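So the structure is just underneath, and the comments pick up after that.
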Amino acid sequence: MGANSSSISELPENEYLQKLSGSESISENDPFWNQLLSFSFTTPTNSADLKLLEEATISVCKSLVEKNPRTGNLGSLIKVFLSRTKELKISAECQNHLFIWQAHNALFIICCLLKVFISRMSEEELQLHFTYEEKAGPSSYGTECEDLIEELLCCLIQLIVEIPLLDITYSISLEAVTTLIVFLSCQLFHKEILRESIIHRYLMHGRCLPYTSRLVKTLLYNFIRQERSPPPGTHVFQQQTDGGGLLYGIASGVATGLWTVFTLGGVGSKASAQLEQCSPLASQSLLLLLVLANLTDAPDIPNPYRQAIMSFKNTQDNTAFSSSNPHAFQINFNSLYTALCEQQKSDQATLLLYMLLHQNSNMRTYVLARTDIENLVLPILEILYHVEERNSHHVYMALIILLILTEDDGFNRSIHEVILKNITWYAERVLTEISLGSLLILVVIRTIQYNMTRTRDKYLHTNCLAALANMSAQFRSLHQYAAQRIISLFSLLSKKHNKVLEQATQSLRGSLGSNDSPLPDYAQDLNVIEEVIRMMLEIINSCLTNSLHHNPNLVYALLYKRDLFEQFRTHPSFQDIMQNIDLVISFFSSRLEQAGAELSVERVLEIIKQGAVALPKDRLRKFPELKFKYVEEEQPEEFFIPYVWSLVYNSAVALYWNPRDIQLFTMDSG
């Protein structure tokens with residue numbers, strides 16, 4: 001076999017893999033490991049190649065599953081890797097390519113094996129593969145295997161946080177992040193949320209715990225830096241000018257055929273081209289961070305990774321850390337803000353932004369104080385604008401981010417002071433100049449209208465209206481198109497209300513003579529539509545009572561469509577809120593009548609501006625301030641854990657799982 005291997009299909013016959021998965025125990029000091037680990041390859045990045053690799057090596061894995069409890073070869077391989085990682089830091093400093101290359105190859109094989117093992121067995125069974133019968137008697141069996149798992153997990157974390165990120169260490173850093181994701185992937189193979197897990201326990205207790213904040217910080221900095229992967233070959237051991245030594249001979253002989261087959265479909269493929277434009281390490285680090293942050297709390301300790309995300313501070317913040325929080329650390333908020341603004345096209349970055357705004361008060365305060373808030377808000381609005389192309393979870397996250405931001409009055413004021421030029425992605429109308437606030441209103445209203453005609457999701461409606469309601473008292477200088485769209489949405493709701501009312505009436509008449517068929521639930525439909533109409537009236541009322549003189553375009557749109565509101569004046573559900581709107585319509589209608597007929601738009605706006613000063617404010621009835629606060633539902637993990645793992649399944653670099661094995665979510669929800 002050996003050097004003549006030319007395709008992935010021949011890997012099962014590879015003599016080194018056969019020996020690894022055979023019946024013979026291989027000591028960790030055996031020269032075999034140098035031979036096994038001396039290969040060069042470009043890790044496949046698209047799912048087709050990864051699927052081929054997994055299918056080709058499944059017989060090797062099955063053999064290892066069967067024989068490893070007696071041979072302990074997986075444990076020996078892990079110990080070989082652990083011994084080599086002790087020298088990694090100095091190898092990076094000395095530019096020792098060969099040493100790093102072999103350590104990387106060891107970890108790659110461990111990761112491939114672990115992924116198959118975890119998809120096919122319980123965590124308890126997995127533990128048994130970290131030791132074997134000859135070395136461990138009944139008393140030490142469990143302890144030894146548990147320590148080896150913990151040692152490997154701890155080693156991976158140390159590798160991520162302590163090895164400097166250089167061209168020659170990029171691949172092994174990426175592999176360490178990937179292997180941690182694989183360790184946690186047992187969740188994919190369970191329908192229910194894992195609340196008790198051996199791997200979770202190791203990560204939240206013992207030797208891994210002191211590294212919590214450093215790991216979170218490093219993963220965040222990997223996301224911030226967006227380091228591109230080095231050119232192919234920079235991490236691979238190159239032939240020395242003196243012809244190389246024994247190890248190079250092994251590498252050039254064994255590797256050329258055996259492992260370079262992994263480049264199939266890699267270089268030049270579509271997936272590879274996409275990866276060249278981003279950072280695999282940044283992408284994978286963000287996925288690992290989201291997985292860790294969404295682990296459920298242990299019975300005796302809250303999730304320390306979430307605690308770290310909740311409590312980190314800006315490097316510019318000189319206030320002392322609370323001694324009660326061992327997970328606190330500092331990070332450059334400006335760099336993090338910039339990365340978040342630039343990466344919002346991905347679900348993962350939007351989810352991270354949501355988590356930081358919702359859970360980290362330091363970050364939320366910093367974001368709200370930024371004078372360039374449009375850099376963050378515009379990408380969020382673009383997600384909502386392209387609602388048809390986004391998955392529903394991404395749209396929810398974007399909308400909730402807006403709701404959290406609109407809880408702050410300073411934000412609601414400042415967005416009307418930011419003037420934008422030529423919003424090219426907004427296709428319905430040319431917007432040469434508009435405030436960020438008016439654009440936000442337009443996009444949220446468009447989302448409501450899309451939802452009314454397509455998805456009909458009450459949750460989406462509620463959050464959209466809550467964001468508008470939070471902003472309404474601070475509406476300033478609304479763009480004429482934004483003012484028109486507010487009234488147009490009310491018109492649409494009014495027509496829908498009349499249609500449902502008519503259907504309910506006809507249904508009631510038809511059922512009077514027949515008791516056979518049950519009535520459709522028009523009462524519920526009517527109740528929902530009336531709630532939404534009530535909310536829209538409250539939003540309009542809030543603007544009129546708090547900032548009428550700042551919004552002549554809204555008054556103009558209101559007067560232009562005043563007939564719409566007639567039917568609601570005496571409606572018991574809307575009578576109270578209609579008093580102010582009715583008063584404003586009557587007051588300005590009267591002034592326009594006095595000014596005569598055939599008035600130009602400019603003249604009407606001038607009369608409205610003059611009237612806004614003369615309107616007796618004391619005649620407007622006071623209502624409680626409209627304020628809505630985002631609150632996570634009970635057991636948020638039921639939503640977030642499947643969502644995060646669907647992102648891992650779809651977006652992880654160089655990871656493939658057989659879709660038939662996935663239990664956590666249905667494949668179309670990914």
Side-chain angles (χ1 to χ4, degrees), residues 41-47 49-50 53 100 103-105 107-112 114-115 118 152-153 155-188 199 203 211 214-230 232 235 262 266 271-295 305 309 336 339-340 342-343 345-352 355 643-657 670:
F41 65 93
T42 302
T43 307
T45 54
N46 63 42
S47 59
D49 294 341
L50 290 159
L53 173 62
I100 294 168
H104 168 268
N105 289 353
L107 184 54
F108 175 76
I109 297 173
I110 290 167
C111 188
C112 289
L114 266 177
K115 190 167 72 65
I118 286 170
L152 179 55
L153 285 168
C155 173
L156 293 171
I157 293 171
Q158 286 172 326
L159 197 160
I160 294 166
V161 303
E162 291 179 352
I163 303 301
L165 189 57
L166 310 167
D167 276 1
I168 59 170
T169 60
Y170 190 98
S171 289
I172 195 166
S173 296
L174 176 58
E175 202 62 51
V177 172
T178 303
T179 308
L180 278 177
I181 290 174
V182 167
F183 254 123
L184 290 157
S185 66
C186 49
Q187 176 65 79
L188 279 171
I199 306 301
L203 288 168
Y211 291 96
R214 287 178 68 192
L215 179 57
V216 170
K217 184 175 183 175
T218 304
L219 295 174
L220 278 171
Y221 268 126
N222 287 348
F223 167 70
I224 288 168
R225 290 188 190 117
Q226 293 290 318
E227 290 281 352
R228 308 215 169 180
S229 50
H235 66 291
F262 287 168
S272 176
Q274 288 170 343
L275 282 171
E276 283 171 10
Q277 295 166 21
C278 65
S279 165
L281 181 61
S283 172
Q284 208 86 324
S285 294
L286 178 53
L287 289 171
L288 176 57
L289 182 65
L290 294 174
V291 169
L292 290 170
N294 285 284
L295 296 178
Y305 301 95
I309 282 174
L336 180 54
L340 287 165
E342 290 171 353
Q343 300 298 321
K345 280 190 172 64
S346 82
D347 282 68
Q348 298 92 287
T350 305
L351 182 51
L352 176 63
M355 280 168 43
Y643 179 31
V644 167
W645 278 106
S646 74
L647 297 179
V648 174
Y649 176 83
N650 286 304
S651 311
V653 180
L655 276 176
Y656 165 82
W657 287 278

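On a predicted model such as this, the values are computed, not experimentally measured, just so you know.
- No side-chain heavy atom of L290 sits less than 4.5 Å from a side-chain heavy atom of W645.
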Y643 and D347: side-chain hydrogen bond (donor to acceptor under 3.5 Å, both in side chains), yes or no, with the steps? CA-CA 10 Å; Y643 179 31; D347 282 68; 2.8 Å; yes

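- S346 places a side-chain N or O within donor-acceptor distance of the main-chain N or O of A349, the cut-off being under 3.5 Å.
- Nearest heavy atom pair, residue I100 against residue I168, reads CG2-O, 3.2 Å.
- The closest donor-acceptor contact from the side chain of Q284 to the backbone of L174 lies at 3.5 Å or more, if one exists at all.
- In this structure the side chain of I309 reaches within 4.5 angstrom of the side chain of L289, judged on heavy atoms.
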Begin with the C-alpha distance, continue with both residues' side-chain angles, and end with the deciding distance and a verdict on side-chain contact (heavy atoms from CB on, under 4.5 Å) for V653 and T178. CA-CA 8 Å; V653 180; T178 303; 6.0 Å; no

side-chain contact (heavy atoms from CB on, under 4.5 Å) assessment of W657 paired with V648: CA-CA 10 Å; W657 287 278; V648 174; 3.9 Å; yes

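- The two atoms that bring L159 and A176 nearest to each other are CD2-CB, 3.9 Å, heavy atoms only.
- Annotation: the span from I160 atom CD1 to N222 atom CG amounts to 8.0 Å, rounded to 0.5 Å.
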Given Q226 and Q343, is the side-chain contact (heavy atoms from CB on, under 4.5 Å) satisfied, shown in steps? CA-CA 10 Å; Q226 293 290 318; Q343 300 298 321; 3.7 Å; yes

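- Without hydrogens or angle criteria, Y305 side chain to L215 main chain gives no donor-acceptor distance under 3.5 Å.
- The shortest side-chain heavy-atom distance between F183 and L203 does not fall under the 4.5 Å cut-off.
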Would you sort out whether R214 and E162 count as a side-chain contact (heavy atoms from CB on, under 4.5 Å), showing the intermediate values? CA-CA 9 Å; R214 287 178 68 192; E162 291 179 352; 3.3 Å; yes

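- Contact of the S171 side chain with the F108 side chain is not registered, since no non-hydrogen atoms from C-beta on lie closer than 4.5 Å.
- Residues Y170 and R228 approach most closely at CE1-O, 3.5 Å, considering heavy atoms.
- Under the 3.5 Å distance criterion, the side-chain polar atoms of K115 are matched with a main-chain donor or acceptor of Y656.
- Shown here are the side-chain hydrogen bond (donor to acceptor under 3.5 Å, both in side chains) partners of Q187, two or more places apart in sequence or in another chain: there are none.
- Checked by atom type and distance alone, the side chain of S185 pairs as donor or acceptor with a backbone atom of V182 at under 3.5 Å.
- A distance of 5.5 Å separates OG in S283 from CD in Q348, rounded to the nearest 0.5 Å.
- Between the side chain of S279 and the backbone N or O of E227 there is at least one donor-acceptor pair closer than 3.5 Å.
- A heavy-atom distance below 4.5 Å is found between the side chains of L219 and L292.
- The main-chain N or O of F223 is never found under 3.5 Å from a side-chain atom of S285 such that the two would form a donor-acceptor pair.
- The shortest side-chain heavy-atom distance between V177 and L287 does not fall under the 4.5 Å cut-off.
- Side-chain contact between L286 and L220: absent, with no pair of heavy atoms (C-beta onward) separated by less than 4.5 Å.
- Residues L340 and T350 are not in side-chain contact: their nearest non-hydrogen atoms beyond the backbone lie 4.5 Å or more apart.
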